[in-house]
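Presented below is the structure to which this report refers.
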Amino acid sequence: MAWITRFLVAVAFLAFGILFSPETFGSKSDGEYSSKLTIALKLSHLLSFSTSFGAALWVTFIGGIIMFKNLPRHQFGNLQSKMFPAYFSMVTVCSAISLASFGYLHPWKSSSSAEKYQLGFMLSSFAFNLSNLFVFTPMTIEMMKQRHKVEREENIGEEVGWSKNRDVAKVNPKLAAMNKKFGMIHGLSSLANILSFGSLAMHSWYLAGKINL
């Protein structure tokens, strides 16, 4: 099934659910009629948040680790250089939508302390993703390409794992220096990603407290 077909099917299911939801026909929620704008904003917030949280969980703790353990290192790096800009673009947009919709529904002046904390968490997530999208990821990719060039000269990089890189770096000061710089930049990128995920996790706790099962 083509990507556009899958997307259209998902949109069709969402439209069907909205069309036949009780709120569409004017049922009461918490004793008051819910406005269509409020429902739309809540839906935007929930979908954007869940997309960001799910994508971050998969990329950070599952997908990336599986690929690193099974792909040749240069192939893995080249794949990540295509995936990360798309990933951070998506989570940045989703974070912005979540923040904007939540902020509209909970204006700062009339918000409770808990709601203000949530605005802070979502703003932090947006800022961390933005820094990765425009600063750390481009730097990491550029440093990776430079290091790949040096590694190809040493006939390494097509193996799985770091062992050959570390052995060659012991006798190649240029590669050792590049490893250090790459590690620093990649570490900052990973830290920003983890902090963004942590902010989303804090918001998930807040949302869980709002659900009546």
Side-chain angles (χ1 to χ4, degrees), residues 1-11 14 44-102 121-152 156-162 165 175 177-204:
M1 186 181 292
W3 179 90
I4 188 64
T5 304
R6 294 196 295 268
F7 177 76
L8 291 175
V9 170
V11 171
L14 176 60
S44 297
H45 175 72
L46 185 60
L47 290 179
S48 297
F49 165 78
S50 59
T51 300
S52 297
F53 189 81
L57 179 66
W58 175 263
V59 169
T60 305
F61 300 106
I62 303 174
I65 295 174
I66 293 174
M67 287 188 289
F68 179 75
K69 289 184 176 181
N70 291 276
L71 291 177
R73 197 156 43 77
H74 282 188
Q75 185 177 338
F76 167 75
N78 291 330
L79 178 60
Q80 293 290 76
S81 71
K82 303 299 182 182
M83 288 182 59
F84 275 161
Y87 162 64
F88 285 120
S89 295
M90 182 185 72
V91 293
T92 298
V93 170
C94 287
S95 296
I97 294 173
S98 294
L99 175 62
S101 56
F102 192 87
F121 286 133
M122 284 183 286
L123 180 60
S124 297
S125 177
F126 174 70
F128 288 131
N129 288 324
L130 202 65
S131 66
N132 248 324
L133 178 61
F134 290 110
V135 181
F136 298 129
T137 294
M139 292 174 65
T140 301
I141 292 173
E142 179 60 29
M143 192 68 239
M144 180 203 71
K145 290 179 179 179
Q146 294 178 20
R147 192 174 66 166
H148 280 188
K149 182 179 180 180
V150 173
E151 288 180 329
R152 283 193 293 270
I156 61 173
E158 297 307 316
E159 71 285 350
V160 176
W162 287 102
N165 173 283
L175 181 58
M178 297 181 83
N179 283 348
K180 184 177 180 179
K181 186 175 181 180
F182 176 84
M184 180 185 68
I185 299 171
H186 186 266
L188 291 172
S189 177
S190 297
L191 178 62
N193 186 53
I194 288 292
L195 291 174
S196 173
F197 179 79
S199 299
L200 294 175
M202 294 300 296
H203 189 58
S204 71

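Computed from a predicted model, the values in this text were never measured in an experiment.
Here CG of L200 is found 5.5 Å from OG of S95. Values are rounded to the nearest 0.5 Å. S52 contributes atom OG, which lies 12.5 Å from atom CG of L57 (distance to the nearest 0.5 angstrom). Note that OG of S190 is 12.0 Å distant from CD1 of I185, once rounded to the nearest 0.5 Å. Within the model, atoms CZ of F197 and OG of S204 stand 8.0 Å from one another, a figure rounded to the nearest 0.5 Å. Between the NE2 atom of H148 and the CD1 atom of I156 there is a distance of 10.0 Å, given to the nearest 0.5 Å.
For the salt bridge (Lys or Arg N to Asp or Glu O under 4.0 Å) condition, no pair includes a residue of residues 55-67, sequence neighbours left out. Within the structure, salt bridge (Lys or Arg N to Asp or Glu O under 4.0 Å) pairs that include any residue of residues 51-66 do not occur (at least two apart or interchain). Sorted by first and then second residue, the side-chain hydrogen bond (donor to acceptor under 3.5 Å, both in side chains) pairs involving residues 54-64 (not counting sequence neighbours) are T60-N193. Pairs engaging residues 79-88 under the salt bridge (Lys or Arg N to Asp or Glu O under 4.0 Å) rule: none recorded [sequence neighbours left out].
S81 places a side-chain N or O within donor-acceptor distance of the main-chain N or O of N78, the cut-off being under 3.5 Å. The backbone N or O of F128 sits less than 3.5 Å from a side-chain atom of S131, completing a donor-acceptor pair.
Every residue was checked against the ring-ring contact (aromatic ring centres under 6.0 Å, His included) condition with F134, not counting sequence neighbours, and none meets it. Under the rule for a side-chain contact (heavy atoms from CB on, under 4.5 Å), the partners of V59 that lie at least two apart in sequence or sit in another chain are F84, Y87. Shown here are the side chain to side chain donor-acceptor pair (under 3.5 Å) partners of S196, two or more places apart in sequence or in another chain: S125, N129. For the side-chain contact (heavy atoms from CB on, under 4.5 Å) test, residues two or more places apart in sequence or in another chain that qualify with K149 are R152, E153. Residues passing the ring-ring contact (aromatic ring centres under 6.0 Å, His included) test with H203 are H45, F49, F102, Y206, sequence neighbours excluded. In terms of the side-chain contact (heavy atoms from CB on, under 4.5 Å) criterion, residue partners of L123 (sequence neighbours excluded) are, by chain and number, L99.
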task = For side chain to side chain contact (heavy atoms under 4.5 Å, CB included), just list the numbers for T51 and I97, CA-CA rounded to whole Å, side-chain angles, deciding distance to a tenth of an Å, and then say yes or no.
result = CA-CA 11 Å; T51 300; I97 294 173; over 6 Å; no
Identify all side-chain donor-acceptor contacts of residues 135-144 below 3.5 Å with residues at least two apart in sequence or on another chain.
from, atom 1, to, atom 2, distance (Å)
T137, OG1, N132, O, 2.9
T140, OG1, F136, O, 2.7
E142, OE2, Q146, NE2, 3.2

Using distance only, find each side-chain donor-acceptor pair of residues 64-75 under 3.5 Å and give its atom names and separation, not counting sequence neighbours.
from, atom 1, to, atom 2, distance (Å)
N70, ND2, I66, O, 2.7
R73, NE, G161, O, 3.1
R73, NH1, E151, OE1, 3.1
R73, NH1, E151, OE2, 2.8
R73, NH2, E151, OE2, 3.3
R73, NH2, E159, OE2, 2.9
H74, NE2, E151, OE1, 2.6

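Considering every non-hydrogen atom in both S98 and S101, the closest pair reads O-OG, 3.1 Å.
Atom CE of M202 has 12 or fewer neighbouring heavy atoms from other residues, nucleotides or ligands inside a 6.0 Å radius.
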